[in-house]
Amino acid sequence: MLERAKRLVAPSARSDVPAFMVMDVMAAAARIEASGGHVVHMEVGQPAASAPASAITAARAALAAGRLGYTEALGIPSLRARIARHYAEHYGIGIDPARIVVTTGSSGGFVMAFLALFDPGDRVAVAVPGYPPYRHILTALGCQPVLIETTQESRWAITPEMLIAAHREAPLKGVLVASPANPTGTMMTAEALGNLLAAAQSEGIRFISDEIYHGLDYAFAAETAARLSDDVIVINSFSKYFCMTGWRVGWMVLPQMLVRPIDRLQGNLAISVPALSQIAAQAAFDGRHEAEAVKHVYEANRLVLLEGLPKAGLERILPVDGAFYLYADVSRFSSDSFAFAKQMLEEAHVAATPGIDFDPLNGNSFVRFCYAGSTADMHEAVARIAKWLSARVG
Ligand SMILES: Cc1ncc(COP(=O)(O)O)c(C=O)c1O
């Protein structure tokens, strides 16, 4: 039977991408909760709040009206125009709506951007620590992710020197950056982003900027690569700032030359993004006051953790500039971040994500905490971690 299955349906080599370890943490947390325990959830990177009321109202009205058909492959024109207006309102820059494409979350954007820009075998630089699907999607598409180890000296970002050094080893076709980043929450200054972009463009390296955590910036204002050049791919999403993870809707700002290839790709791969989600997304822009209120909760949570975790024993934390993540060094307590996270869950009932999920090089020294929950939960987490770590040292 197994032999027959192997012959008929054995999965391809390229489908053999690693799973997220956080899934194991989530399953263990669910077991604790099933037996009556209360877990503080800081493992999953998504807002606890729901979509703005304006989005939900618009979706209800669309459902009541009945028919929801396919839309234009590039997205509903009024949504593309509304996203363009967002660039004018938020960043003060003019973007032609014709350069905006609506995607199935930013995740759908990565697949299409990589397909449109790269061929099998192409080398694409990504920062480590970093969001794992970048490298896994590239691998599944036959491209080669080139992991660039970032350091405190480079403020946990790829620098022009690092990029050029990797390019000299073997030519790079592209580079992908995120600011604010996941798992660190660290941001690139406008100057650092501009310098890296200039270095990439002088070498003919294609530049992708993941701006999914824009809007959630606390240390300084996040800069968009769209201001710096028309020849970059900007990827964004309604998932985080607008609290719409489950709606699966995002967007890209494209160079004019890539609009038609992406139009063809999306038409073939998905036909269109779900109409209901696009309608809700357009209305979400009218709910910015709600999104801002949620952001204020994150700001408060960030301060609770920044004050409490060092006192609890987690003194080394990467710059907590934006997003809703805090990346803490746990090497004082463990050289195995998965075992550390597992034990913290079992004994302190605080769920976090092991750094090894984000960084195959140094991830065993770090744990990521997501602070998109309630402020009461943050206080509770700090108290539990302090008690647990003092017993460990003690
Ligand atoms: C840095 C980063 N980019 C992209 C995504 C994908 O988000 P979505 O597909 O919901 O837009 C995530 C999700 O956690 C992320 O952290």
Side-chain angles (χ1 to χ4, degrees), residues 17 19-23 25-26 41-51 55 75 79 83 100-114 124 126-138 140 145 150 156-158 175-188 193 208-217 222 224-225 233-253 266 269-270 273-274 277-278 280-281 284 291 298 318 320-327 352-353 355 357-359 368-373:
V17 292
F20 236 172
M21 280 190 189
V22 69
M23 295 300 172
V25 177
M26 283 163 69
H41 286 279
M42 302 178 79
E43 77 279 34
V44 186
Q46 67 174 342
S50 68
L79 172 58
I83 294 169
I100 289 168
V101 51
V102 183
T103 58
T104 315
S106 66
S107 304
F110 295 128
V111 176
M112 286 197 296
F114 296 166
V124 181
V126 293
V128 166
Y131 180 58
Y134 300 149
R135 36 191 162 92
H136 300 162
I137 298 171
L138 284 166
T150 62
W156 309 100
I158 300 174
V175 58
L176 189 162
V177 299
S179 170
N182 177 9
T184 58
T186 304
M187 283 164 50
M188 294 174 84
L193 185 69
I208 303 173
S209 179
D210 178 359
E211 303 187 351
I212 184 170
Y213 292 105
H214 274 217
L216 303 177
D217 41 4
T224 174
I233 291 86
V234 169
I235 299 189
N236 208 322
S237 175
F238 290 89
S239 289
K240 310 291 172 156
Y241 176 75
F242 286 110
C243 306
M244 294 179 71
T245 46
W247 296 78
R248 309 310 302 129
V249 55
W251 75 86
M252 291 195 282
V253 182
Q266 181 133 282
L269 292 174
V273 172
S277 298
Q278 294 192 59
Y298 301 156
L318 270 55
V320 194
D321 300 328
F324 36 53
Y325 302 117
L326 181 149
Y327 203 53
T353 311
D357 251 350
F358 307 98
D359 179 353
R368 185 195 77 176
F369 295 92
C370 171
Y371 56 86

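Atoms within a ligand are numbered from 1 in the order they appear, just like the ligands themselves.
- Exactly one of Asn182, Leu326, Leu318 qualifies for a side-chain contact (heavy atoms from CB on, under 4.5 Å) with Arg368. That residue is Asn182.
- Here Phe324 and Tyr298 bring their ring centres to under 6.0 angstrom of each other.
- Of the possible donor and acceptor atoms, one in the side chain of His214 sits under 3.5 Å from a partner among the backbone N and O of Ser179.
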Steps toward side-chain hydrogen bond (donor to acceptor under 3.5 Å, both in side chains) verdict (Gln46, Thr245): CA-CA 7 Å; Gln46 67 174 342; Thr245 46; 2.7 Å; yes
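- Taking a cut-off of under 4.0 Å to the non-hydrogen atoms of Arg248, the atoms of ligand 1 that pass are 8 (P), 9 (O), 10 (O).
- Aromatic ring centres of Tyr325 and Tyr213 lie closer together than 6.0 Å.
- With ring centers used as reference points, Tyr131 lies 6.0 Å or more from Phe358.
- Ranking protein heavy atoms by distance to atom 13 (C) of ligand 1, first place goes to Lys240 NZ, 3.1 Å.
- In summary, the atoms of ligand 1 found under 4.0 Å from a heavy atom of Asn182, numbered by their order in the structure, are 1 (C), 15 (C), 16 (O).
- Listed by atom number, the atoms of ligand 1 under 4.0 Å from Gly105 heavy atoms are 9 (O), 11 (O).
- Below 3.5 Å of separation, one finds no N or O of Thr104 facing any N or O of ligand 1.
- The protein heavy-atom contact nearest to atom 1 (C) of ligand 1 is Asp210 OD2, 3.3 Å.
- No donor-acceptor pair closer than 3.5 Å links the side chain of Gln278 to the backbone N or O of Leu79.
- Relative to atom 4 (C) of ligand 1, the option among Gly246, Ser106, Ser237 with the closest non-hydrogen atom is Ser106.
- Heavy-atom proximity to Ser239, at under 4.0 Å, picks out these atoms of ligand 1: 8 (P), 10 (O), 11 (O).
- Residue Phe238 does not touch ligand 1, judged by heavy-atom distances below 4.0 Å.
- Ligand 1 lies nowhere less than 4.0 angstrom from a heavy atom belonging to Thr245.
- For Thr103 (side chain) and Trp251 (main-chain N/O), a donor-acceptor pair under 3.5 Å exists by modelled atom type.
- With hydrogens and angles left out, the side-chain atoms of Tyr241 and Asn236 include no donor and acceptor closer than 3.5 Å.
- Neither the backbone nor the side chain of Gln46 comes within contact range of ligand 1; no heavy atom lies under 4.0 Å.
- Shortest contact from atom 9 (O) of ligand 1 to any protein heavy atom: Ser107 OG, 2.5 Å.
- When heavy-atom distances to ligand 1 are checked against a 4.0 Å cut-off, Phe324 has no atom that comes that close, whether in backbone or side chain.
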